Number of protein chains: 2
Amino acid sequence: MVEDLHPAIAARLDGDGQRYTSGRRRLVEALVGAGRPLTAAEVLTEGALAQSSAYRNLAVLEAAGVVHRVAGSDEFARFELAEDLTDHHHHHLICTTCGAVTDFTVPDGLERAVDALALAVTATSGFHADHHRIDLYGRCAACA
Amino acid sequence: MVEDLHPAIAARLDGDGQRYTSGRRRLVEALVGAGRPLTAAEVLTEGALAQSSAYRNLAVLEAAGVVHRVAGSDEFARFELAEDLTDHHHHHLICTTCGAVTDFTVPDGLERAVDALALAVTATSGFHADHHRIDLYGRCAACA
DNA sequence: ATTTATGCAAATCGTTTGCAAACCT
DNA sequence: AGGTTTGCAAACGATTTGCATAAAT
């Protein structure tokens with residue numbers, strides 16, 4: 001699926017009336033190479049684009065469903081590729097000291113239990129759930 | 001336990017070398033009355049204190065373990081009373097359209113499964129987990 | 001040729017900070 | 001009095017926007 005990644009992204013952008021420019025591609029490749037959510041500052045450094053272009057393109061990619069915004073414990077927005085592009089459903093370990101965010105996966109049974117809970121909440125309340133988050137907070141190896 | 005809330009808060013502040021001033025108490029009462037996480041703007045309006053005092057006191061209360069900071073889907077920081085003061089362990093429903101955050105609880109079995117997962121992660125990785133988060137994202141009743 | 005993307009610099013806005021006056025003990 | 005807290009106004013920093021140039025179709 002990784003070999004089909006860029007065509008899939010191009011298709012998604014096209015469906016949103018947007019082009020897959022070289023700057024956007026560099027930005028995506030920075031995210032692919034990282035394997036964890038990156039801050040805007042990391043993305044613009046790795047992708048070698050201007051600050052305004054990085055933010056504008058992250059917004060375009062987010063609107064097209066290519067990139068997903070992740071909130072951590074610090075003041076920096078972080079971005080990762082949408083899970084349906086990477087086929088890698090995961091959650092996050094968030095360091096409350098330095099703000100670092102890393103990926104991890106949880107057992108299938110737990111995922112199913114949370115999905116069932118989301119359905120129950122949607123059925124019994126006015127809130128329509130469509131996505132969940134199971135994160136662990138603590139100290140990363142570097143901050144322990 | 002609600003009748004012991006303010007003495008407990010005063011003790012926690014005192015342990016941190018801080019006083020429980022009237023402004024801090026108004027701020028706490030705004031959070032008690034809300035029953036959901038409040039933004040800094042909501043806190044300073046309800047507590048009728050200056051913006052700088054609201055932010056400074058929220059920081060003091062957070063450092064003393066009285067208040068806990070909650071990240072939502074928008075750009076506003078939100079604050080709630082620490083769970084060990086309210087004895088109300090809960091999670092959040094987060095509206096991806098308007099950013100509203102409301103409380104909800106999950107079944108005991110699911111809580112225990114996530115606690116067990118946190119222990120397993122701590123035992124097998126360099127990450128030391130001490131807190132978890134199970135949130136549902138979607139549309140609130142007003143935005144549906 | 002016309003539309004869209006880029007980069008620079010300036011603006012925006014939530015949050016933080018300096019400082020003098022008010023408060024507590 | 002001595003140290004702390006408050007409020008105002010100014011500063012800060014991540015993100016956004018205006019505008020002129022460059023690229024894509």
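In what follows, chains carry the letters A, B, and so on, assigned in the order in which the sequence lines appear, proteins first and then strands, with residues in each chain numbered from 1. In this text the structure is predicted, and so the values were computed from the model without any measurement.
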Carboxylate-amine/guanidinium contact Glu29(B) Arg24(B), below 4.0 Å: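 Salt bridge absent between Glu29(B) and Arg24(B).
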
Test: Glu62(A) and Arg69(A) ion pair at under 4.0 Å: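 Here Glu62(A) pairs with Arg69(A) in a salt bridge, since their nearest N and O are under 4.0 Å apart.
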
[N] [atom2] sits how many Å from [X] [atom1], rounded?
X        : N       : atom1 : atom2 : answer
Arg26(A) : dA23(D) : CZ    : P     : 12 Å
Asp16(B) : dT5(D)  : CG    : P     : 11 Å
Leu44(B) : dT5(D)  : CG    : P     : 19 Å
Arg25(A) : dT6(C)  : CZ    : P     : 15 Å

By ring-ring contact (aromatic ring centres under 6.0 Å, His included) - contacts of His88(A) (at least two apart):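 If we apply the ring-ring contact (aromatic ring centres under 6.0 Å, His included) test to His88(A), skipping adjacent residues, the hits are His90(A).
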
Student check: side-chain heavy atoms of Leu13(B) and Arg19(B) closer than 4.5 Å: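 Sidechains of Arg19(B) and Leu13(B): no contact.
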
Letter per nucleotide, 5' to 3', of nucleotides 10-25 of chain C [B base touched, S only sugar-phosphate touched, - untouched; heavy atoms, 4.0 Å]: ----SBBBB-------

Centroid-centroid under 6.0 Å between His89(A) and His132(A) rings: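 Yes, ring centres under 6.0 Å apart.
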
Distance test, side-chain N/O of Asn57(A) to OP1/OP2 of dT6(C), below 4.0 Å: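 Asn57(A) to dT6(C) OP1/OP2: side-chain N or O found under 4.0 Å.
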
Between CG on residue Leu5(B) and OG1 on residue Thr86(B), distance to nearest 0.5 Å: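 Between Leu5(B) CG and Thr86(B) OG1, I get 8.5 Å after rounding to 0.5 Å.
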
